[in-house]
Amino acid sequence: MTGEEKAVWLSNVYGEIALQDIEGRRIAFATLNDDYRIANTVGFSDVDTGLVMQTAPSIEVRCELAVGSSQATDAELAAAAVGAWNFLESGNYTVQPGTLLPDFVQQTALKELKDITVEHGVLREPTWFPQGTPNYSEPGRVTLMLELVLLTNDEYVIASERGIDKLDTRLRRRRTDVGDLRRDRDAD
């Protein structure tokens, strides 16, 4: 996919998007459900993380990263998206649902926010799309979208010790707004 094809794909997914270059990274901004803002990478799919389809190993799996919130500013969302791009590109991480990003915030521009309560990250399939995770297929490659969810330390401990499914259950039961970067830190 060329850069323009990536932007067209994202506009087909979200509708109207606004593109910005931030710290040398292209980010698309979109609004869902009136006030839920999304920042989505446009080009992270150029990073080869070595993933291939299990059923067809000749097909590469790539992704674009998205983060959303009804409370965070576009600058905060962009910092998270650009931070995830840099973090994953420079580290030895598998870019797939369930990948934990320890101490993510401290390694990004988000660390400058004094009142932020999230510290870590996890990648998952986006929950915003009732029809399922958007993907783009082309010969030899499929590109998926992954959501970056920022976690408090307590949430991270649950994910790392008990698994992502247990974390999802906890978040759902507590009706946690994962887009709230300043949510309460509470231990169970």
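Residues satisfying the side chain to side chain donor-acceptor pair (under 3.5 Å) test with Thr133, not counting sequence neighbours, are Glu125. When the side chain to side chain contact (heavy atoms under 4.5 Å, CB included) test is applied to Leu144, the partners found at least two apart in sequence or on another chain are Val61, Asn135, Val142. Residues passing the side chain to side chain donor-acceptor pair (under 3.5 Å) test with Glu138: none are found, sequence neighbours excluded. Under the side chain to side chain contact (heavy atoms under 4.5 Å, CB included) criterion, Ala39 pairs with Ile27, Phe29, Val67, Leu77, Ala81, sequence neighbours left out. Residues passing the side chain to side chain contact (heavy atoms under 4.5 Å, CB included) test with Arg172 are Asp168, Thr169, sequence neighbours excluded. Partners of Ala109 by side chain to side chain contact (heavy atoms under 4.5 Å, CB included), not counting sequence neighbours, listed by chain and number: Ala79.
Between the side chain of Thr99 and the backbone N or O of Thr94, at least one donor-acceptor pair lies under 3.5 Å. A donor-acceptor pair under 3.5 Å links the side-chain atoms of Tyr36 to the main chain of Gly68, judged by distance alone.
Contact record, Asp180 with Val118: O-CG1, 4.3 Å, taken as the closest heavy-atom pair.
Residue pairs meeting the salt bridge (charged side-chain N to carboxylate O under 4.0 Å, His left out) criterion with at least one partner in residues 60-83, sequence neighbours excluded, are Arg37-Asp74, Asp48-Arg62, Glu60-Arg62, Glu60-Arg141, Glu76-Arg182. For residues 46-77, no residue pair satisfies the ring pair (Phe, Tyr, Trp, His ring centres under 6.0 Å) rule, not counting sequence neighbours. Within the structure, ring pair (Phe, Tyr, Trp, His ring centres under 6.0 Å) contacts touching residues 100-119 (residues at least two apart or in different chains) are Phe87-Phe104. Listed by first then second residue, pairs satisfying ring pair (Phe, Tyr, Trp, His ring centres under 6.0 Å) with a partner in residues 141-179 read His120-Tyr156, not counting sequence neighbours. Screening residues 4-16 for salt bridge (charged side-chain N to carboxylate O under 4.0 Å, His left out), with sequence neighbours left out, gives Lys6-Asp46. Note on residues 87-105: pairs passing salt bridge (charged side-chain N to carboxylate O under 4.0 Å, His left out), not counting sequence neighbours, are Arg25-Glu89.
Using a 4.5 Å heavy-atom threshold, the side chains of Arg26 and Thr41 count as separate. Leu100 places a side-chain heavy atom less than 4.5 Å from the side chain of Ile164. Using a 4.5 Å heavy-atom cutoff, the side chains of Thr127 and Glu147 are in contact.
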Q) What's the verdict on salt bridge (charged side-chain N to carboxylate O under 4.0 Å, His left out) for Glu155 and Arg183, showing C-alpha distance, side-chain angles and the deciding distance? A) CA-CA 11 Å; Glu155 294 162 352; Arg183 61 184 175 271; 2.7 Å; yes

